[in-house]
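Read the structure below first, then the notes.
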Amino acid sequence: MTRNNKTLGIVDIGSNSIRLVIYEVSEDGAYRIIHEDKYAARLSGVVESDGSILRSSLSTAITVLRQFKATCETYQTELIRAAATAAIRNATNAEQIIAWLENETGLTIECVSGDREAYYGFLGVIQSIDLTDGFVVDIGGGSTEITVFRNRERLHSVSLPIGAVNSHARYGGEDQWTEANEQSLCNEVIEALKGQTWTQEHPGLPLIGLGGTMRTLAKVEQKRTQYSLPVTHHYEIGEEAMDNIALSLPYLTSAQRKKVPGLAKDRADIIVPGVLILRTVFRMIQGDRYVVSGAGLRDGLLRDYLAAGQPSAPDALKDSIRNFLYYGPPIPEKRLNRIHQDTVTLYTALQEATPDASDERILYTSSMLHMAGKQINYFRYTQHSAYWIMNASIYGLSHRETILSAIAADYHPKKRTPQLLQKHEDILKDSDTQHAHRIGSLLRAAEAINRAESIAAIHAVKEKDSLQVTLTCTDEPLLELNGLEDAVKDLQEAWGVTLKHSIVRASKG
């Protein structure tokens with residue numbers, strides 16, 4: 001199949017870092033990242049006392065942008081979309097800075113307003129996390145954007161000129177923070193939000209954090225708890241855990257912070273104002289937990305580019321899986337959809353109820369991605385599939401749902417499944433041991449039913465301790481019944497039923 005794909009470069013000129021992401025994009029909007037790079041230019045740190053940035057202070061940024069443009073040319077990008085945020089827009093000579101950068105690099109640069117930055121961050125979140133309501137908080141080097149959304153629609157946004165880099169310049173000491181400076185920063189955030197009454201009108205919602213501060217804090221907490229899935233996207237942190245971090249980091253010396261597991265050395269200074277801003281906002285909005293989003297401004301810029309003729313808030317899980325199937329191994333999607341449908345049919349009969357939202361996501365993910373590992377190597381592909389599911393940061397899944405989807409994809413009840421259950425017991429519920437065996441056995445049975453093209457449809461009914469499955473066939477299902485022999489044993493053991501099948505011929509015509 002010939003694919004007329006194109007590449008798109010997104011350059012984020014932030015207050016702390018300048019980042020490049022290159023995407024491959026298909027005609028119908030499927031996409032994947034094919035290159036990423038960043039450089040900590042810290043533009044917020046070169047702002048003069050009068051609020052301007054001198055041309056001489058832009059040399060590093062210009063060099064980085066030229067090199068990023070050259071990288072884009074190597075990848076033959078059709079378009080480079082460059083966006084400058086707080087450090088430049090808040091400068092007193094913002095227009096002059098943009099002109100300097102454009103003249104020196106040949107790029108066209110959008111100076112993003114605070115509201116627009118909040119909007120792009122919101123777009124990035126709703127395409128990647130399946131939450132209906134929440135606050136999006138993006139702490140950058142020179143600003144903090146806060147957005148509240150309900151029913152996946154943005155209600156209000158505000159951009160505060162308070163970020164991790166410029167706050168460190170104002171309040172941070174050479175080494176440890178003083179209690180007075182810590183309080184001064186928190187008070188500045190409180191004062192800035194007092195006029196934004198909407199921030200106090202939606203208590204009990206999750207705070208969804210974007211950017212380096214949030215990702216770094218997640219890594220610190222994961223290292224502290226020895227969390228078994230080293231993925232930050234959709235990782236959740238409770239209020240008490242975040243409070244403990246905020247109470248300890250400011251009073252460590254810079255040398256001590258650099259040794260904190262999970263904390264990168266180049267963030268050892270700005271992590272303190274970052275966590276103080278984050279915790280203050282959390283208290284103001286009366287949040288219920290912190291959720292990490294691995295997607296943000298750059299993802300929002302991409303979504304905005306793709307938005308023509310498409311919903312701005314797609315189903316996060318289905319969109320994520322659609323992207324993989326487009327770029328993944330050549331597996332007939334029709335067969336994957338049938339496996340999913342049959343898995344749901346068997347589940348509904350055995351549970352005598354349709355799957356809840358969480359189980360539906362697990363059944364869909366495991367059904368559609370259990371062959372994903374063929375992209376790596378056909379042999380032992382289910383193990384590759386499990387690894388891929390657990391480490392690809394699939395959008396729209398909680399970490400628990402991710403683990404259960406991976407276990408189902410590589411269901412091996414006597415060895416690998418118990419090993420994975422034990423490894424991830426810190427994430428799973430006690431009841432998930434049985435649950436994993438049940439879902440895994442259903443997927444294996446559905447795979448067997450769809451081994452060839454002889455079975456056109458199935459119907460399942462539970463009668464006491466028996467599952468009656470009717471197979472509507474277009475031909476004698478030799479291959480399917482052969483595969484079902486082993487799958488049925490696991491299903492019967494997991495669900496405590498006896499499976500009986502009957503065959504009817506599909507009507508012709």
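Along the sequence shown, the residues carry numbers beginning at 1.
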For [X] and [Y], which heavy atoms make the closest approach, and how far apart are they?
X: Gly483; Y: Ala448; answer: C-CB, 3.7 Å
X: Gly396; Y: Asp130; answer: O-CB, 3.9 Å
X: Arg154; Y: Thr147; answer: CG-CG2, 3.4 Å
X: Thr348; Y: Thr354; answer: OG1-CA, 3.9 Å

Could you work out, with ring pair (Phe, Tyr, Trp, His ring centres under 6.0 Å) as the rule, every residue matching [X], not counting sequence neighbours?
X: His424; answer: none
X: His233; answer: Tyr395
X: Tyr378; answer: Tyr381

*Within a reach of under 6.0 Å around CG of Asp356, are more than 12 heavy atoms found that belong to other residues, nucleotides or ligands?*
yes

*asked:* For Gln226, is the CD atom crowded, meaning more than 12 foreign heavy atoms sit under 6.0 Å from it?
replied: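 Counting neighbours around CD of Gln226, 12 or fewer heavy atoms of other residues, nucleotides or ligands fall under 6.0 Å, so no.
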
_Asp486/Arg444 under salt bridge (Lys or Arg N to Asp or Glu O under 4.0 Å): CA gap, chis, key distance, verdict_ = CA-CA 9 Å; Asp486 289 331; Arg444 284 292 166 267; over 6 Å; no

*When rounded to the nearest 0.5 angstrom, what distance separates CD in Glu117 from OG1 in Thr85?*
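Those atoms lie 4.5 Å apart.
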
*First locate atom OG1 of Thr74, then atom NZ of Lys69, and finally report the distance between them rounded to the nearest 0.5 Å.*
12.0 Å

*Kindly indicate, with the supporting measurements, whether the criterion side-chain contact (heavy atoms from CB on, under 4.5 Å) is fulfilled by Val504 and Leu471.*
CA-CA 6 Å; Val504 297; Leu471 308 174; over 6 Å; no

_Presence of salt bridge, Glu401 and Lys429, under 4.0 angstrom_ =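 Salt bridge: no.
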
_Any side-chain heavy-atom pair of Arg322 and Lys318 under 4.5 Å_ = no

Does either side chain, that of [X] or that of [Y], offer a donor lying less than 3.5 Å from an acceptor on the other one?
X: Tyr120; Y: Arg116; answer: yes
X: Ser159; Y: Glu145; answer: yes
X: Arg438; Y: Ser441; answer: no
X: Asp410; Y: Gln383; answer: no
X: Glu360; Y: His340; answer: yes
X: His437; Y: Tyr411; answer: yes
X: Gln468; Y: Ser466; answer: yes
X: Asn5; Y: Ser26; answer: no
X: Arg224; Y: Asn244; answer: no
X: Arg338; Y: Asn450; answer: yes

*asked:* Given Ile439, which partner from the list Asp359, Thr343, Ile407 fulfils the side-chain contact (heavy atoms from CB on, under 4.5 Å) test?
replied: Asp359

*Tell me, with the steps shown, if Asn323 and Ile321 meet side-chain contact (heavy atoms from CB on, under 4.5 Å).*
CA-CA 5 Å; Asn323 288 337; Ile321 289 177; over 6 Å; no

